[in-house]
Amino acid sequence: MSDSTNNNRDTQDKDKFRDTVFLPKTDFPMRGNLPEKEPVMVQKWQDIDLYAKIRHASADKPKWILHDGPPYANGNIHMGHALNKILKDVINKSWQMMGYNAPYVPGWDCHGLPIEWKVEEKYRNAGKDKDDVDPIQFRKECREFAQEWVDIQSTQFQTLGVIGDWKNPYRTMTKHGEAQIAREIHKFLHNGGLYRGVKSVLWSTVEQTALAEAEVEYKEHKSITVWVRFPVVETACEALKNSDIVIWTTTPWTLPSNRGIFFNNDIDYGVYEITEVADDARCKVGDRLAFATKLSDQIKEQAKIIAMKKVAEFKGTETEGTICAHPLRGQGYDYDVPCHPADYVTDEDGTGFVHVAPSHGPDDFVLGSQYGLEITDNVDNDGSFKAHVPLFAGLKIYDENGKMDAGNFAPLKAMDEAGKLLSKGSVRHEYPHSWRSKAPLIFRTTPQWFIAMDNELGLRETALQAIKDTNWVPAKGEARINAMIAQRPDWCISRQRAWGVPIALFVDKKTLEPLKDDAVLKRITDAFEEHGSDAWWSMDAQEFLGSAYNAEEYDQIFDIVDVWFESGSTHSFVVDDREDLGNGENKQVDLYLEGSDQHRGWFHSSLLESCGTKGRAPYKNVLTHGFVLDDKGYKMSKSLGNIVDPLKLMKQSGADILRLWTMTSDYAEDIRIGKDTIKNTSDLYRRIRNTLRFLLGAMDGFTASEKIPEDQYKDMPELEKLMLHELSQMDQKIRGHIENYEFGKLATMLHQFCNNELSSFYFDIRKDRLYCDDATSFERRATRTVMTHIFDCLVTWLAPILSFTAEEAWSQKPDGIFEDAQSIHLRDFPTLPESWHNADLAGKWDKIIAARKQIQEAIEPLRASKGLGSSLEACPVLYATADQKEALESVDMADICITSGFKIEEGNANIEITKAEGEKCNRCWKVLPEVTNHANHICNRCDNVVNKKQAA
RNA sequence: GGGCUUGUAGCUCAGCUGGUUAGAGCGCACCGUUGAUAACGGUGAGGUCGCAAGUUCAAGUCUUGCCAGGCCCA
C-alpha cells in the first residue's frame, strides 16, 4: 500500500468524522472591523434613545453621580479630551452596572477669551473694529460660534462610545446658567466675600485696555537702562551713612512713581568711594556709592569710574530701616523712600538694589502693598502722566504707535540735571507686547473685583477643611491643591471683556459701595433668566433699579466674571438645579474627574465657589488623571510633529482600541501613546475578542433545556465548579476595584483572565468535551452551561471598557438563555450565587494546576527532539506521594493535561513521558489502544456518539 | 527660578511597612497544532530597577545630588 493511498483514506475518514464533531460556530467575526461597525452602533444607540432607556430602567436605583467638568467649546477634540471622556464613561458605566442609577450629563464651558478672539478676528479681517460693534450683536456671534463647537464636540465624544444625555447637555451660556451664575456672584456680595480692590495688570496704552496673559506676546525690545542714585537720609547701618544707594531700571518712566527700594538679605553689599573718574563721567571724586560687591566691576566700568575703593561692607540685612530721598527731592518728590528686603532681588545684573513702583509691576505691587507703600495713580489710560504728577504731567510713555515718548526721556533728563543719574545705556531683552497692536505694554494697577480669602467669610479656612474632608485619588492630589489654596491670593473675578456673564452690580457713585438691595438683584437675575445676561446691555439701568434708586447716582458694572467662576458654579446651576442629577438636596456629588491641571482650575474654583456659598466642597471624591504624551514621553506639539489625533486613530483602529489603551495605562500618571502602544493594545484586544468569539462558538445551538438546573450544580465536574469559583472571585475583585476607584487594574485583570484562566486553561482542556462528547451528556451540558455563565459575566464586565465589542457580542448570543436586554448597557453585572465560591476546591486545584504545568514542561524536550508532536501522543507517568496521588486520582489528569493517557505511581517525585499506546482516533484524535479494533479507526467514546447520532 | 510629580525587560504594568536567584501579560525566538486557523497551545531568551554617592548586616524599596520628562506657577 502506498503512502498516497493511506493519506487518501485518512482524508476520507477525517472528512467523514469532521461532520460529526461539534465545532464552534458563530457569526461573530474574528476581526473586529471596528471603524466600520462603531459608527453604526452609535447611530443605533441614538435611534433607540439608549440613554433614556437606561435612565428609565434604573429609575428606582440609588443615584451615583459623576459631575462632568466642562471642556471649552473651541476646536476639535484632542487626545486629552479622549482620555478624560473615556475614563468618565468607563467609570460611570461601571457604577451603573454595579446597580446604581448613574446619569451622565455632559457640559461645555462657552464664555471667555478664545471665542471672543475668534469673533474679533472675523471683524478685523473685515476691516472693522470690535469696539464699534454693538455688544448684543457681538455676543450673539460668540454664542453661535460656541454652539457650533458644542455640536461638533458632542458628535466626536459620542464616536468614542460615551453614553450620556447628549440631547440635553449643560452649557454655561444658557439663560438659566447665566442667571444662576449672577445669583452666585450676588451671594458673595451678601456674604461679605466680594470687594473692589486694585490689581497689577498688563496694560496697552495704544488700545487703552488691560490684556489677559494669553493676549500677550513676548518679543525683543530695546529699553533704556538707567543707574540712579538715591541719597541715604536715615540709616542704622554705619556703612551706608553719607552715601547714595544705586538702583538700576529699564523703565525710567516708573521713577516718578517710585515709593521704595528693595534689597536682598543674603546679598553682600559694599560702599565705594570714587577716587578717579573719566572726563565724561557723571559722578565725581569723593562720591560714596552703595551696591552689590559682585557687581562693582561692572558698575565701575559703566559709570566711567577709573578708580574707587571699598570703604565699607555690609550684609543686606543691615539695610533694613534705611530711608532714602527720592532723586528729585525738592521738585515735588519730597516723600521718604524706605528700603525693604525682597527675595526676588538678585545680584546677577543691575546693582543688587531694585527700585519699587508699586503701581507698575506685579512684584512691586504685592510686596509694596505688604510694606504699606503707596499705590500711586500717576498714569492715565493712554499712558500719559496725570495732571498731579510734578514735572511730567501730560507726557506720554509711549506714543500712539507704541514708540517710546517723552514720558521716558523727561524723567531721565531730570535725574541727570539733579545729579542723580550715574549712568545710562540700553538693553535688548524679551518684553511683553500686545498681541493685537504689537505695542509694548506697561504694568498698571486697575480697579478689579475680588473674592477675599481671609476676611470674615473665612474662605481659605473653610476650603482647607473641605480639602481634608474630600477623598483625593490618587492621594498626592491633596497636597497639591492644599498648597495652592493655602498660598493663593484673593480671587480676582473681574475681566474687562464682553463675552461672559456680567458682574451684575450697581455701585453708588458717591460712597463707591455696591448696592445690596435684594429687590434690585432679583430684578436683574429674573431678567437674565428670561432674556439671558444680554439683558445687562440691552435693558435700561433704571429698569433694574426700579423706583427706589436713581440710575444717575449709580455706576453700572460692565466687567464680566472670570470663566473659572462660571465653571466653578456648575455644582449650583447644573447639579442642584437638574432633577436628573440632583435631588435638590444640596448634596455632594460622588465624583469629579479631570486632569491634574484642574487642581488649579476646576477643582479649585469649584471648591472656593462652593465653600463660599455652601460652606463645603461640591464633591466627595476627586479623581485625577495625567496628560497624554508622545511615545517618548514628550508633550505633544505642532512644532515637534508628534500629535496623535484621536479622531484619526478611531478611523484607523476603532474607539474600543482607544478605550482599551486608556484603561490598560496607568492614567493616574502621564501616559504615552505611539505606534508601539497602539500595536500592543490591538494585540490585547484580539485576545479578548477571540475569547468572546470562542464562547459564542461554544454556545452554538444552546437552549434552555440543555442547561443544567441550579439544583444539579453540585454534581458538575470539579473543573466546572472551579470555573464558577473563578467567576465569583473575579466578581468580587471587580466590584472592589470599582468601589476603590482602581479602574486601572480592571482591564489588565480582564485580559489576563481571558488569557490564563480561559484560553490556555479551561477552553483548551474542554475543547475535547465540547467537540467530541455526546451532546446530551451531563458533562458536556455542564461545560456548556458554565460557558454561558462565563459569557454572561465576561461580556458584561467588558461592557464599560469595550462598549462596542461587548454590544456586538451581546447581539450574537443564543436566544432564551440570557437576560432579555436590548443592549448590554442596559444590564447590571450578574449577581453570582454565594455557593459558587469554593475556596477548598481552589486550594486543591492549585496543586493540580502545578502538576499540569510540570507535565507540560516535561513534554517539551520530546517535542523538540521530534519524539512527540501533539500532547495527545503522550502518556505521562507521574510519581508522587500517597497524598498527592489521592488528590490527582480524583480527577481526570489526562483530560486536564490534554494527553491520551495518564498514570500515577507512588514514588519519589518524578515525571516520565511515555508515548501513548494505540492509534489515533480519527474523530477525537486521542491515541488509544481500542482504536485499532474499530473499523473506522475511532475510539469507543466516539463510536458511541456517532452511532447515537445516526440513530437519532 | 519655585511648588507638586514621574523614570522597573522592546511595549503596558505588578513589586505592601527595606530582607532569599526582581514578577505578569503582550511582543520576540523556537517548537507543536492545523477542529478558535489572519486563530490556538507549549517552551525560552530579554532588566547593572534613569545616573552617582550615602545610610544599613541588607536598597528597586530610605537620604542627598545629578540627568531626562510632566503639571501648575513665577
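The sequence lines fix the lettering, A, B, ..., with proteins before strands; numbering per chain opens at 1.
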Mind checking what makes side chain to side chain donor-acceptor pair (under 3.5 Å) contact with [X], not counting sequence neighbours?
| X | value |
| --- | --- |
| A:E669 | A:K476 |
| A:K635 | none |
| A:W845 | A:E718 |

- Assigned glycosidic conformation for B:G46 [threshold 90° from 0]: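 Syn conformation here, the glycosidic angle of B:G46 being no more than 90° from 0.
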- Is the base of B:A36 touched by the side chain of A:T26 through a donor-acceptor pair closer than 3.5 angstrom?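 There is none.
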Any idea which of [options] is nearest the [X] side chain?
| X | options | answer |
| --- | --- | --- |
| A:V21 | B:U12, B:G25, B:G35 | B:G35 |
| A:K476 | B:A14, B:G25, B:U6 | B:U6 |
| A:D666 | B:U43, B:C13, B:C26 | B:C13 |
| A:R31 | B:U34, B:G41, B:A38 | B:A38 |

Kindly give the atom pairs (protein nitrogen or oxygen, nucleotide nitrogen or oxygen) under 3.5 Å for nucleotides 7-9 of chain B.
none

- Query: So, are A:D895 and A:K926 salt-bridged, with charged N and O less than 4.0 Å apart?
  - Reply: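 Yes.
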- Query: If you look at every strand shown and take non-hydrogen atoms under 4.0 Å, does A:R923 touch a base, only sugar-phosphate, or nothing?
  - Reply: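 Base, at least one base heavy atom under 4.0 Å.
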- Task: Kindly state whether the pair A:Y771 / B:G35 counts as stacked, where counting means centroids closer than 5.5 Å and planes tilted less than 30° apart.
- Result: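 Whether judged by distance or by angle, A:Y771 falls short somewhere, so it does not stack on the base of B:G35.
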- Query: Can you give one letter per nucleotide of nucleotides 63-72 of chain B, going 5' to 3': B for a protein heavy atom under 4.0 Å from the base, S for sugar-phosphate only, - for none?
  - Reply: -----SSSBS
- Could you run through nucleotides 27-32 of chain B and give me one letter per nucleotide, 5' to 3': B if any protein heavy atom sits under 4.0 Å from the base, S if only the sugar-phosphate is that close, - if neither? S---SS
- Message: Could you tell me how far B:C62 sits from B:G25 if I compare only their C1' atoms? Round to whole Å.
- Response: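 Pairwise C1' distance, B:G25 against B:C62, rounds to 31 Å.
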- Message: So, using salt bridge (charged side-chain N to carboxylate O under 4.0 Å, His left out) as the criterion, who are the partners of A:K920 when residues are at least two apart?
- Response: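 Applying salt bridge (charged side-chain N to carboxylate O under 4.0 Å, His left out) to A:K920 gives none.
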- Query: Who are the ring pair (Phe, Tyr, Trp, His ring centres under 6.0 Å) partners of A:H789, not counting sequence neighbours?
  - Reply: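 With neighbours one apart ignored, the set is A:Y713, A:W836.
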- Who are the ring pair (Phe, Tyr, Trp, His ring centres under 6.0 Å) partners of A:F263, not counting sequence neighbours?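 Not a single residue meets the ring pair (Phe, Tyr, Trp, His ring centres under 6.0 Å) criterion with A:F263.
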- Ring geometry between A:F694 and A:Y771 (parallel below 30°, tilted from 30 to 60°, perpendicular above 60°):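 Answer is tilted, since the angle falls between 30° and 60°.
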- Please work out whether the ring planes of A:Y431 and A:H433 are parallel, tilted or perpendicular, with thresholds of 30° and 60°.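 Perpendicular.
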With a cut-off of 3.5 Å and sequence neighbours excluded, list every side-chain donor-acceptor pair involving residues 866-873 of chain A.
unit_1: A:S870; atom_1: OG; unit_2: A:L872; atom_2: N; d: 3.0
unit_1: A:S871; atom_1: OG; unit_2: A:I898; atom_2: O; d: 2.6
unit_1: A:E873; atom_1: OE1; unit_2: A:G869; atom_2: N; d: 3.1
unit_1: A:E873; atom_1: OE2; unit_2: A:S870; atom_2: N; d: 3.4

- Which pairs count as salt bridge (Lys or Arg N to Asp or Glu O under 4.0 Å) when at least one residue sits in residues 678-688 of chain A, sequence neighbours excluded?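 Those involving residues 678-688 of chain A are A:K679-A:D683, A:D683-A:R686.
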- Query: Can you find a pair of side-chain heavy atoms, one from A:T624 and one from A:P474, that are under 4.5 Å apart?
  - Reply: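 A:T624 vs A:P474: side chains touch.
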- What dot-bracket string describes RNA chain B from 5' to 3', counting Watson-Crick and G-U wobble pairs whose defining distances are under 3.5 Å, with [ ] for crossing pairs and | for pairs to another strand? (((((((..((((.....[...)))).(((((.......))))).....(((((..]....)))))))))))).
- Item | Ring centroid separation A:W491 to A:F450 under 6.0 Å |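 No, they do not, as the ring centres are separated by 6.0 Å or more.
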